[in-house]
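Atoms considered below: every heavy atom in the structure, side chains included; atoms not considered: hydrogens, waters and symmetry mates. Here is how names work: the chains are called A, B, and so on, in the same order as the sequence lines, proteins then strands, and each is numbered from 1.
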2 protein chains.
Amino acid sequence: MRPKIPSAGNVTVLERLRDAGLRPTRQRLALAKLLFARGHRHVSAEQLFNEAKAQRVDVSLATVYNALHDFTSKDLLREISIDSSSSYFDTNTGDHHHFYFEQSGRLEDIAAHQVSIAALPAPPGGAKISRVDVIVRLKG
Amino acid sequence: MRPKIPSAGNVTVLERLRDAGLRPTRQRLALAKLLFARGHRHVSAEQLFNEAKAQRVDVSLATVYNALHDFTSKDLLREISIDSSSSYFDTNTGDHHHFYFEQSGRLEDIAAHQVSIAALPAPPGGAKISRVDVIVRLKG
DNA sequence: CAAGAAGATTAGAATTATTCTAAGTTGTTG
DNA sequence: CAACAACTTAGAATAATTCTAATCTTCTTG
Ligand SMILES: [Mn+2]
Ligand SMILES: [Mn+2]
Ligand SMILES: [Zn+2]
Ligand SMILES: [Zn+2]
């Protein structure tokens with residue numbers, strides 16, 4: 001069913017998982033392929049689960065959640081909470097910002113260099129900044 | 001138990017509700033007082049519910065949610081979703097931004113004038129900006 | 001003031017995203 | 001290959017939020 005020697009398309013994904021210290025299981029490979037195959041994406045757990053089902057990838061919802069969190073903790077993904085109804089996972093882990101289409105719930109990247117935050121007050125109590133998120137909410 | 005003629009402290013809150021087109025019920029008055037009595041706040045539904053209980057204000061959790069959403073729809077509050085675990089309601093509805101203490105989950109205001117966003121790309125498809133949120137996440 | 005209507009409250013059930021549990025399976029390493 | 005840790009999973013559990021439908025309150029009008 002699945003090759004011992006990974007087929008071409010899997011190689012990069014497999015290495016990516018190994019480099020991150022994650023075992024390249026069938027489930028993780030399939031999910032990583034869906035996530036990283038082409039371009040950057042913003043997906044919810046439910047969305048990814050449905051994509052997997054559509055492609056006959058047999059994986060449980062618990063595993064989708066586990067994988068998303070594992071990938072996030074290894075910096076292969078970034079978790080975004082904008083809409084209280086569910087989290088999004090962003091395959092773009094670099095420095096960037098977002099347009100948020102309020103009516104559809106869709107996210108679109110804004111390259112970091114397109115936004116310039118000229119001034120920011122010093123964090124209280126000498127705290128360290130872990131990241132600055134700019135969310136441009138769009139109506140209609 | 002409760003005065004027919006509102007006591008001094010209630011007057012402003014009562015007017016605020018009426019001006020917003022909301023009936024000043026006992027529950028809304030009590031919650032509005034907790035919310036707006038002093039300074040700006042960022043509270044969750046559960047937090048507000050607990051404060052009400054602590055002050056012997058008899059109000060159901062459903063009413064707390066109803067009031068928070070009613071107030072939000074009348075622009076007396078703003079809803080913020082940062083942490084996927086629950087929503088915050090912000091009594092500061094003016095233009096401003098936030099520090100977010102990742103470990104405690106606390107929010108602190110940053111005055112709008114303290115942040116300057118020099119450049120922003122035009123929204124795709126001619127969409128209109130409804131608001132720009134800057135969230136400075138603080139670790140530790 | 002006395003309806004009556006519109007609006008608000010509420011207990012408790014329902015919903016839903018997410019997490020947990022515990023048992024079985026698989027990947028890695030020597 | 002053996003042994004162990006890591007992973008997957010069905011299904012139960014959790015927790016924030018919403019819904020339902022019955023009961024109150026507030027407001028308006030005569
Ligand atoms: Mn999470
Ligand atoms: Mn809401
Ligand atoms: Zn992104
Ligand atoms: Zn605020």
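- Atom pair B:Gln47:CD and D:dA15:C1' shows a separation of 15 Å (rounding to whole Å applied).
- Contacts of A:Asp70 with the nucleic acid, taken as non-hydrogen atoms under 4.0 Å apart, are absent.
- Closest contact between the side chain of B:Ala62 and the listed nucleotides D:dC27, D:dT9, C:dA11 involves C:dA11.
- Straight-line distance from the CG atom of A:Leu22 to the C1' atom of D:dT8: 14 Å, rounded to whole Å.
- To the nearest 0.5 Å, atoms CD1 (B:Ile135) and NE2 (B:His97) are separated by 10.0 Å.
- Of the candidates C:dT18, C:dT10, C:dT28, C:dT28 carries the atom nearest the A:Pro24 side chain, counting heavy atoms from C-beta on.
- Following rounding to the nearest Å, B:Tyr65 (OH) and D:dA16 (C1') show an atom-to-atom distance of 5 Å.
- With D:dA10, C:dT10, D:dT17 as the choices, the nucleotide that has an atom nearest any side-chain atom of A:Ser60 turns out to be D:dA10.
- A cation-pi arrangement is absent between A:Arg78 and A:Phe89, since the terminal nitrogen or guanidinium carbon is not both under 6.0 Å from the aromatic centre and inside a 45° cone about the axis.
- Relative ring orientation between B:Phe101 and B:Phe99 is described as tilted, the plane-to-plane angle lying within the 30° to 60° band.
- Among the protein residues, A:Thr63 comes within range of the nucleic acid bases, having at least one heavy atom under 4.0 Å from a base atom.
- Because its NZ or CZ atom is both nearer than 6.0 Å to the ring centre of A:Phe36 and within 45° of the ring axis, A:Arg16 counts as a cation-pi partner of that residue.
- Contact annotation: A:Gln27 reaches the phosphate of D:dT9 (side-chain N/O to OP1 or OP2, under 4.0 Å).
- We find that CG of B:Leu17 is positioned 13 Å from P of D:dT26, with the value rounded to whole Å.
- Residue B:Asp58 is in sugar-phosphate contact alone, with no base atom involved, counting any heavy-atom pair closer than 4.0 Å across all strands shown.
- Classification of B:Asp58 and B:Arg56 as a salt-bridged pair fails, no side-chain N sitting under 4.0 Å from a carboxylate O.
- At a threshold of 4.0 angstrom between heavy atoms, the contacts of A:Ser85 are confined to the sugar-phosphate backbone, with no base atom among them.
- Taking side-chain N and O atoms only, A:Arg26 has no distance below 4.0 Å to OP1 or OP2 of C:dG27.
- Nucleotide C:dT9 holds its C1' atom 13 Å from the CZ atom of B:Phe71, rounded to whole Å.
- Side-chain N/O atoms of B:Arg23 include none lying less than 4.0 angstrom from OP1 or OP2 on D:dC27.
- The listed nucleotides are C:dC20, D:dT17, D:dC7; the one nearest the side chain of A:Arg28 is D:dC7.
- A:His69 has a side-chain polar atom (N or O) that falls below the 4.0 Å cut-off from OP1 or OP2 of C:dT19.
- Listed nucleotides: D:dT17, C:dG27, C:dT18. Nearest to the side chain of B:Ala45: D:dT17.
- The residue among B:Ser44 and A:Gly21 whose nearest nucleotide of DNA chain D is located toward the 5' end is A:Gly21.
- Between B:Thr25 and the phosphate of C:dT9, there is a side-chain N or O to OP1/OP2 separation shorter than 4.0 Å.
- At whole-Å resolution of the value, CZ in A:Arg18 and P in D:dC7 are 12 Å apart.
- B:Leu68 places its CG atom 15 Å from the P atom of C:dA8, with the value rounded to the nearest Å.
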Report the C-alpha separation of A:Lys53 and A:Glu51 in whole Å, then their side-chain angles, then the decisive distance to 0.1 Å, and conclude whether the salt bridge (Lys or Arg N to Asp or Glu O under 4.0 Å) test is met. CA-CA 5 Å; A:Lys53 273 203 298 211; A:Glu51 287 182 20; over 6 Å; no

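- Rounding to whole angstrom units, CG of residue B:Asn66 and C1' of C:dA11 are separated by 13 Å.
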